K.L.:
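Before anything else, here's the structure in question.
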Amino acid sequence: MQHPAELSPLGKSSAYVATYSPEQLFLIPRAPKWAELGLTAESLPYGGVDIWNCYELSWLLPSGKPVVAIGEFSIPADSPNIIESKSFKLYLNSLNQSVFESCGVLVDVMTRDLSAAAGKPVGVRLRTLEEVAEEGVAAPGGHCVDDLDVSIQHYDSPRPDLLSSDPARQVEECVYSHLLKSNCPVTGQPDWGTVVIEYRGAALDHASLLAYLVSFRQHADFHEQCVERIFLDLQRVLRPERLSVHARYVRRGGLDINPYRSTHPVSPDNRRLVRQ
């Protein structure tokens with residue numbers, strides 16, 4: 001079955017347009033993947049946001065002088081559409097030789113274009129390099145499970161049957177792993193990420209979690225859909241009072257994608273991790 005992204009610029013040679021071109025944006029409806037997971041737009045068991053960071057953003061002032069900045073884009077997790085990443089890059093590249101009177105004008109333009117594409121309001125924030133540098137590099141909170149001595153046998157597709165918990169022991173904890181990897185469903189290129197899980201519920205067996213996360217290693221899916229699958233699988237096993245899953249992915253083409261999914265409102269920390 002053809003993946004919707006196969007109709008996009010992803011994995012194809014593309015002409016790079018250097019003047020403002022919002023028509024570069026290619027939309028991928030979320031509904032088919034939601035249906036695959038047994039969800040609908042009306043029955044999502046989580047809220048959240050996809051935070052995209054752009055490190056290759058530039059435009060021209062009326063004087064002709066270039067400006068560079070780092071862009072932060074917040075796309076609601078329940079928006080009807082995902083914006084395909086290469087098309088996003090082509091759109092951003094189209095700003096390179098385009099004149100905008102001010103940073104505020106550019107923010108308004110991008111907010112309009114990206115909100116129309118996603119189907120819900122998208123947050124846009126531009127920051128100077130100095131501002132981002134001052135934030136430094138963050139580290140995940142909680143306990144890392146990567147040093148556990150675990151025998152791994154499954155790599156080809158997610159294996160929720162590997163997950164186990166102890167319902168007799170209720171805990172509140174945060175655990176994380178740097179070993180999340182999956183592949184782009186169109187190009188086959190690897191996507192590397194750190195996944196962080198915070199929950200209150202039946203105690204999760206950490207070794208089983210690590211084996212489960214590694215089972216994504218050859219799985220083909222987009223960042224957002226991997227995080228949603230992890231959230232749903234953990235929800236079924238833990239039956240938690242609270243659950244939050246987010247992943248910080250390594251950038252490709254100047255963009256990183258960081259999906260957050262949670263049973264409760266969250267205020268994402270968008271400081272980059274060491275691999276970002």
Side-chain angles (χ1 to χ4, degrees), residues 1-6 10 28-40 43-48 50 77-78 82 85 140 142-146 148 150-166 173-199 201-240 243-250 252 256-263 275:
M1 181 178 178
Q2 187 181 48
H3 193 284
E6 292 181 16
L10 191 60
I28 300 175
R30 295 186 194 259
K33 277 296 177 178
W34 285 340
E36 185 180 306
L37 295 171
L39 305 175
T40 66
S43 67
L44 298 179
Y46 52 73
D50 302 326
D78 61 350
I82 290 172
S85 60
H143 174 72
C144 182
V145 300
D146 294 347
L148 293 173
V150 178
S151 177
I152 303 292
Q153 301 176 0
H154 304 288
Y155 305 98
D156 293 332
S157 61
R159 290 288 302 269
D161 58 299
L162 297 174
L163 290 167
S164 63
S165 66
D166 180 1
E173 66 173 351
C174 175
V175 294
Y176 67 91
S177 172
H178 298 297
L179 300 186
L180 180 62
K181 174 195 170 289
S182 55
N183 295 327
C184 171
V186 178
T187 67
Q189 293 183 0
D191 294 320
W192 306 94
T194 294
V195 62
V196 181
I197 297 154
E198 299 180 66
Y199 73 97
L204 177 61
D205 180 84
H206 292 177
S208 76
L209 172 65
L210 185 57
Y212 164 73
L213 293 175
V214 174
S215 73
F216 279 79
R217 196 167 178 83
Q218 294 290 73
H219 178 62
D221 227 337
F222 287 130
H223 306 61
E224 301 92 334
Q225 293 148 2
C226 288
V227 171
E228 289 169 359
R229 191 178 292 273
I230 293 168
F231 179 96
L232 292 171
D233 288 342
L234 288 171
Q235 190 177 54
R236 293 187 190 102
V237 170
L238 301 176
R239 300 187 180 278
L243 174 64
S244 177
V245 177
H246 75 262
R248 305 283 307 186
Y249 279 92
V250 176
R252 187 192 298 157
D256 65 39
I257 306 172
N258 309 281
Y260 287 71
R261 301 292 183 268
S262 180
T263 57
R275 288 192 296 171

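What's counted below: heavy atoms across the whole structure, side chains too, no hydrogens, waters or symmetry copies. Just so we're clear, the structure is a prediction, and the values are computed from it rather than from any experiment.
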K.L.:
Mark yes or no for whether Y199, through its side chain, and L204, through its backbone, hold a donor-acceptor pair below 3.5 Å.
P.N.:
yes
K.L.:
Compare every heavy atom of V245 with every heavy atom of V227, then report the nearest pair and how far apart it is.
P.N.:
CG1-O, 3.8 Å
K.L.:
Does a sphere of radius 6.0 Å around CZ in R275 hold more than 12 heavy atoms from other residues, nucleotides or ligands, not counting ones at 6.0 Å or beyond?
P.N.:
yes
K.L.:
Donor-acceptor check, side chain of S182 to backbone of F216, threshold 3.5 angstrom: yes or no?
P.N.:
no
K.L.:
Under a 3.5 Å threshold, yes or no: a donor from one side chain and an acceptor from the other, between T194 and H178?
P.N.:
yes
K.L.:
With I230, which of D233, L232, L234 fulfils side-chain contact (heavy atoms from CB on, under 4.5 Å)?
P.N.:
L234
K.L.:
Grab the two heavy atoms, one from D221 and one from C226, that are nearest each other, plus how far apart they are.
P.N.:
CB-SG, 3.8 Å
K.L.:
Can you list the steps and then say if K33 with E228 is a side chain to side chain contact (heavy atoms under 4.5 Å, CB included)?
P.N.:
CA-CA 10 Å; K33 277 296 177 178; E228 289 169 359; 5.7 Å; no
K.L.:
Measuring from L209:CG to I197:CD1, what's the distance to the nearest 0.5 Å?
P.N.:
4.5 Å
K.L.:
Identify the heavy atoms of P45 and Q235 that sit nearest to each other, and give their distance.
P.N.:
CB-OE1, 3.8 Å
K.L.:
Indicate yes or no: at least one non-hydrogen side-chain atom of Q225 is less than 4.5 angstrom from one of E36.
P.N.:
no
K.L.:
Given side chain to side chain contact (heavy atoms under 4.5 Å, CB included), test I257 with F222 step by step and report yes or no.
P.N.:
CA-CA 10 Å; I257 306 172; F222 287 130; over 6 Å; no
K.L.:
Go through it in stages, so that I can follow the logic: the residues are D78 and R261, the test is salt bridge (charged side-chain N to carboxylate O under 4.0 Å, His left out), and I'd like the CA-CA distance, side-chain angles, deciding distance and then a yes or no.
P.N.:
CA-CA 10 Å; D78 61 350; R261 301 292 183 268; over 6 Å; no
K.L.:
Taking the side chain as everything from C-beta on, heavy atoms only, tell me whether D256 gets closer than 4.5 Å to V250.
P.N.:
no
K.L.:
Indicate the ring-plane relationship of H223 and Y249, choosing parallel, tilted or perpendicular according to the 30° and 60° boundaries.
P.N.:
perpendicular
K.L.:
Checking side chain to side chain contact (heavy atoms under 4.5 Å, CB included) for the pair L179/V145: CA distance, chi angles, key distance, verdict?
P.N.:
CA-CA 9 Å; L179 300 186; V145 300; over 6 Å; no
K.L.:
Can you name the nearest heavy-atom pair linking A202 to S165, along with the distance?
P.N.:
CB-OG, 3.9 Å
K.L.:
Suppose we screen for side chain to side chain donor-acceptor pair (under 3.5 Å). Which residues come up paired with S43, at least two apart in sequence or across chains?
P.N.:
T40
K.L.:
Could you give all pairs that pass the salt bridge (Lys or Arg N to Asp or Glu O under 4.0 Å) test and reach residues 174-199, with sequence neighbours left out?
P.N.:
D191-R252
K.L.:
Please report the shortest heavy-atom distance between L162 and A211, naming the atom on each side.
P.N.:
CD1-O, 3.8 Å
K.L.:
I need the single residue from Y260, F231, W34 that forms a ring-ring contact (aromatic ring centres under 6.0 Å, His included) with Y46. Which is it?
P.N.:
F231
K.L.:
Is a side-chain donor or acceptor of S208 paired with a backbone partner of D205 at a separation under 3.5 angstrom?
P.N.:
yes
K.L.:
Just so I know, are the side chains of R229 and H219 near enough to count as touching, which here means a heavy-atom distance under 4.5 Å?
P.N.:
yes
K.L.:
Show the nearest heavy-atom pair for residues L180 and L213, with the distance to one decimal.
P.N.:
CD1-O, 4.2 Å
K.L.:
Take N183 and Q218, measure what side chain to side chain contact (heavy atoms under 4.5 Å, CB included) needs, and give me the verdict at the end.
P.N.:
CA-CA 6 Å; N183 295 327; Q218 294 290 73; 3.4 Å; yes
K.L.:
Among residues at least two apart in sequence or on other chains, which ones pass side chain to side chain donor-acceptor pair (under 3.5 Å) with D166?
P.N.:
none
